[in-house]
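Here is how names work: the chains are called A, B, and so on, in the same order as the sequence lines, proteins then strands, and each is numbered from 1. Just so you know, these numbers come straight off a predicted model, no measurement behind them.
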There are 2 protein chains.
Amino acid sequence: MGLNARKNLILKSVVDDYIGTAEPVGSKSLVNKYSFNVSPATIRNEMAELEELGYLEQPHTSAGRVPSDKGYRAYVDHLLQVEDLPQKEAEVIRSYLRENMDEVTQLIRRAASVLSEKTDYTSLVLSPQYRKSHLKQIKMLMIEPGRALVVVVLSAGVVKDRLVRIPEMLDAQQLMQVASAIEDGLSGMTLDDITLVTVAAAARHTPLPESLINQVMYEAYLSIKQADQLDLYLDGSHRLLAQPEFQDVRKAHDFLETLNRDKLVAGYMSELKEDQDISHSDYENNEELVNNGTHIKCHAADDPAYMVRIGQEILLDGLKECSFITTSYKIGDTVAGKIGVIGPKRMAYGKVISHINFVKMTVNEQIRRLANGEDENGGIV
Amino acid sequence: MGLNARKNLILKSVVDDYIGTAEPVGSKSLVNKYSFNVSPATIRNEMAELEELGYLEQPHTSAGRVPSDKGYRAYVDHLLQVEDLPQKEAEVIRSYLRENMDEVTQLIRRAASVLSEKTDYTSLVLSPQYRKSHLKQIKMLMIEPGRALVVVVLSAGVVKDRLVRIPEMLDAQQLMQVASAIEDGLSGMTLDDITLVTVAAAARHTPLPESLINQVMYEAYLSIKQADQLDLYLDGSHRLLAQPEFQDVRKAHDFLETLNRDKLVAGYMSELKEDQDISHSDYENNEELVNNGTHIKCHAADDPAYMVRIGQEILLDGLKECSFITTSYKIGDTVAGKIGVIGPKRMAYGKVISHINFVKMTVNEQIRRLANGEDENGGIV
DNA sequence: TTTAGCACTCGCGAGTTGTGAGTGCTAATT
DNA sequence: AATTAGCACTCACAACTCGCGAGTGCTAAA
């Protein structure tokens with residue numbers, strides 16, 4: 001199932017053109033715009049074959065042709081060369097992500113915002129998952145009788161906290177005792193491994209009566225568990241309404257409705273795996289195209305590793321008319337959240353990928369900075 | 001500029017009908033549906049007069065008529081009787097807002113979500129503003145050398161915190177010293193009154209060298225200032241796309257674009273005043289309608305106090321085709337955030353108002369519970 | 001004051017037609 | 001064998017017409 005060079009070129013041109021115009025592209029206009037040195041008739045024959053092979057489809061007889069999901073897939077996997085971001089653009093983004101930045105949450109929000117703005121599509125950012133992180137500290141701070149702040153510090157250098165109620169008769173001294181008992185018992189464990197039982201066991205190493213401890217212990221447990229809650233940040237959801245494929249309000253409605261179901265989307269995103277099928281195949285130098293039609297390719301060259309889902313490959317119902325490009329950012333070694341851009345299948349893949357890669361790199365860099373306590377200019381404070 | 005009883009009835013019927021159908025309503029269908037005991041011709045004459053007075057308008061000659069902003073205003077101010085929520089519906093909402101609730105933020109989010117779902121419009125909830133609250137405590141908790149958590153406790157019983165960097169050489173002991181010096185100097189002041197100067201003055205009551213203190217002091221200041229940051233929660237923005245007035249994608253786009261500008265919308269909402277012009281006027285018992293055409297009425301009977309902005313009265317550009325109903329909820333005595341529903345001008349005012357009132361009451365109630373440490377069933381823990 | 005009657009208006013949907021960009025097929029050309 | 005000119009055909013789309021229906025305002029009679 002290989003394609004010759006000319007078919008590749010035609011396929012690429014069709015996709016490029018369709019990305020630009022959103023109009024079915026025909027043989028004649030193709031010849032005009034891309035200065036092939038063959039006649040429209042030849043292109044026609046080739047296009048007919050491409051259609052037979054499943055890379056193109058016709059909305060109706062005697063309109064031009066439109067890429068199929070498979071066509072987009074081939075385009076993304078083999079025909080697209082991703083360029084680096086222009087220096088100037090890169091600088092703008094970098095400085096926006098550096099300025100006055102002191103919390104991971106804020107960084108992530110800005111990443112979403114800048115991605116959406118620069119690509120003109122909708123961006124999605126998933127907060128990091130801490131399930132595999134280790135608990136480093138757990139402190140409890142008395143706010144007033146009956147209320148305390150539980151502070152959970154994780155190995156990745158991340159701090160989460162939560163306001164809780166505690167028994168009125170517990171004083172600050174006693175609260176600290178319980179907290180440090182729990183900390184002693186749990187520190188070093190991963191969040192996944194901490195259960196109500198382990199917390200209870202740890203808390204029991206205290207001279208205080210159980211009646212006092214129980215509630216504190218339970219709240220501590222909840223606070224720890226809450227630390228790895230997934231948050232989703234969405235930005236620029238209005239932008240897709242400007243795309244011609246969403247002129248139909250019903251589609252726009254369904255799209256937005258799906259996106260607004262945070263938990264569903266967050267769950268889906270967190271399940272996405274990058275390390276799927278990285279066989280670069282024997283495709284090379286635009287000479288031959290190999291595609292088994294189902295595999296999802298991922299560019300694993302470590303740094304610019306992104307993943308593209310096209311159309312039906314997206315398992316969320318309202319988004320099957322879209323393409324979704326994601327990549328992971330890291331806190332520490334393993335903990336990672338995801339950054340993504342969603343747009344029409346007809347999206348400007350090259351542009352989006354280069355932006356998403358750059359944002360991912362900058363976010364990683366910046367997170368490292370925040371953790372190491374460097375200031376905005378890279379020096380140590 | 002009074003209206004007689006029949007004109008009022010006609011106006012009310014027109015608005016009711018238009019709310020239901022989104023179609024211009026004509027004299028004949030009006031007579032059919034609402035069993036007036038006069039002929040269409042009479043209604044026509046009355047409607048013509050209502051148009052002359054500015055309460056109705058015609059999209060084009062020989063279509064039916066549609067309420068003008070002024071018409072909606074009269075409807076809302078004088079013709080609408082707001083009913084209480086059915087017991088059953090109320091119970092559903094109340095239990096949803098009570099279940100597993102332990103943070104104000106979570107409560108507010110749920111309030112937005114339930115409001116949007118039950119009304120089928122878009123809801124907006126503004127976090128409380130703490131500018132007038134007093135600082136009660138400020139604690140600093142050492143996380144690791146060079147990093148600390150600043151915890152700010154306000155009079156309303158609200159706790160905010162923020163992760164900051166501090167000089168590496170500062171130890172836990174010293175950090176506490178600085179923190180308690182600042183707390184001593186500032187506690188009792190309102191957030192509005194705290195400035196960099198007052199913080200600096202407070203921090204100076206410490207034996208530590210200035211070089212160490214300065215950064216800590218500055219971070220403390222920022223943390224305090226950040227505590228009264230406005231947050232906006234938006235829910236159900238897709239729902240308005242189902243309304244016929246947003247079939248035009250451009251309108252939908254503009255609407256969403258405006259709503260997505262959090263800071264703009266939050267700023268606008270926070271400026272909204274309820275205590276504007278409460279002259280109930282001499283209108284009574286559907287006998288006479290008085291309206292100066294510009295004033296914005298507000299129902300100030302303390303508990304169900306809401307405010308309605310219609311069309312042009314909304315000062316945000318993308319929302320001038322909408323109506324916006326807001327009310328305030330309270331934390332403690334003075335600190336308040338806002339709850340709002342935005343929909344087409346043709347919105348089901350009665351339904352929305354009764355929902356918003358109930359949600360507001362329940363939120364108030366629930367906040368009191370959270371602050372007093374009562375559990376979900378109303379008992380003391 | 002109300003209403004019947006009437007001429008008038010105008011959006012809307014259905015039907016018609018022309019145009020243009022596209023197609024596939026075939027036969028001639030390279 | 002691959003390419004291309006030529007041609008008949010298809011089909012979405014925009015423009016136009018036309019009739020219908022629901023609405024109007026006005027006038028004159030009840």
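Counting to the nearest Å, the C1' atom of D:dA2 and the CD atom of A:Glu49 are 11 Å from each other. Rounded to an integer number of Å, the gap from CD1 of B:Ile43 to P of C:dT1 is 16 Å. In this structure, the CZ atom of B:Arg6 is 8 Å from the P atom of C:dT3, given to the nearest Å. When the P atom of D:dA22 is taken as reference, atom NE2 of B:His60 falls 13 Å away, rounded to whole Å. Separating the CG atom of A:Asn37 from the C1' atom of D:dT4 is a distance of 14 Å, rounded to the nearest angstrom. The separation between B:Phe36 atom CZ and C:dT2 atom C1' is 15 Å, rounded to whole Å.
Side-chain atoms of B:Tyr121 come within 3.5 Å of backbone N or O of B:Ala348 as a donor-acceptor pair.
A:Tyr72 is linked by a ring pair (Phe, Tyr, Trp, His ring centres under 6.0 Å) to nothing, counting only residues two or more places apart in sequence or in another chain. The ring pair (Phe, Tyr, Trp, His ring centres under 6.0 Å) check on A:Phe255 picks up A:Phe246, with sequence neighbours excluded. Scored by the ring pair (Phe, Tyr, Trp, His ring centres under 6.0 Å) test, A:His238 finds B:His253 as partners (sequence neighbours excluded).
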Donor-acceptor pairs are to be reported for all side-chain atoms of residues 59-67 of chain B against protein atoms at under 3.5 Å, with residues two or more places apart or in another chain.
| from | atom 1 | to | atom 2 | distance (Å) |
| --- | --- | --- | --- | --- |
| B:Arg65 | NE | B:Glu51 | OE1 | 2.7 |
| B:Arg65 | NH2 | B:Glu51 | OE1 | 2.8 |

Identify each donor-acceptor pair in which a side-chain atom of residues 15-23 of chain A lies under 3.5 Å from a protein atom, sequence neighbours left out, and give them as a table.
| from | atom 1 | to | atom 2 | distance (Å) |
| --- | --- | --- | --- | --- |
| A:Asp16 | OD1 | A:Tyr75 | OH | 2.6 |
| A:Asp16 | OD2 | A:Lys12 | NZ | 2.8 |
| A:Asp17 | OD1 | A:Lys33 | NZ | 2.8 |
| A:Asp17 | OD1 | A:Tyr34 | OH | 3.3 |
| A:Thr21 | OG1 | A:Asp17 | O | 3.1 |
| A:Thr21 | OG1 | A:Glu23 | N | 3.1 |

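For C:dT2, neither phosphate oxygen OP1 nor OP2 lies less than 4.0 angstrom from any side-chain nitrogen or oxygen of B:Ser39. At least one side-chain nitrogen or oxygen of B:Thr42 sits closer than 4.0 Å to the OP1 or OP2 atom of C:dT3.
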I need a per-nucleotide contact map over nucleotides 21-30 of chain C, read 5' to 3'. Cutoff is protein heavy atoms under 4.0 Å; write B for the base, S for backbone only, - otherwise. -BBB------

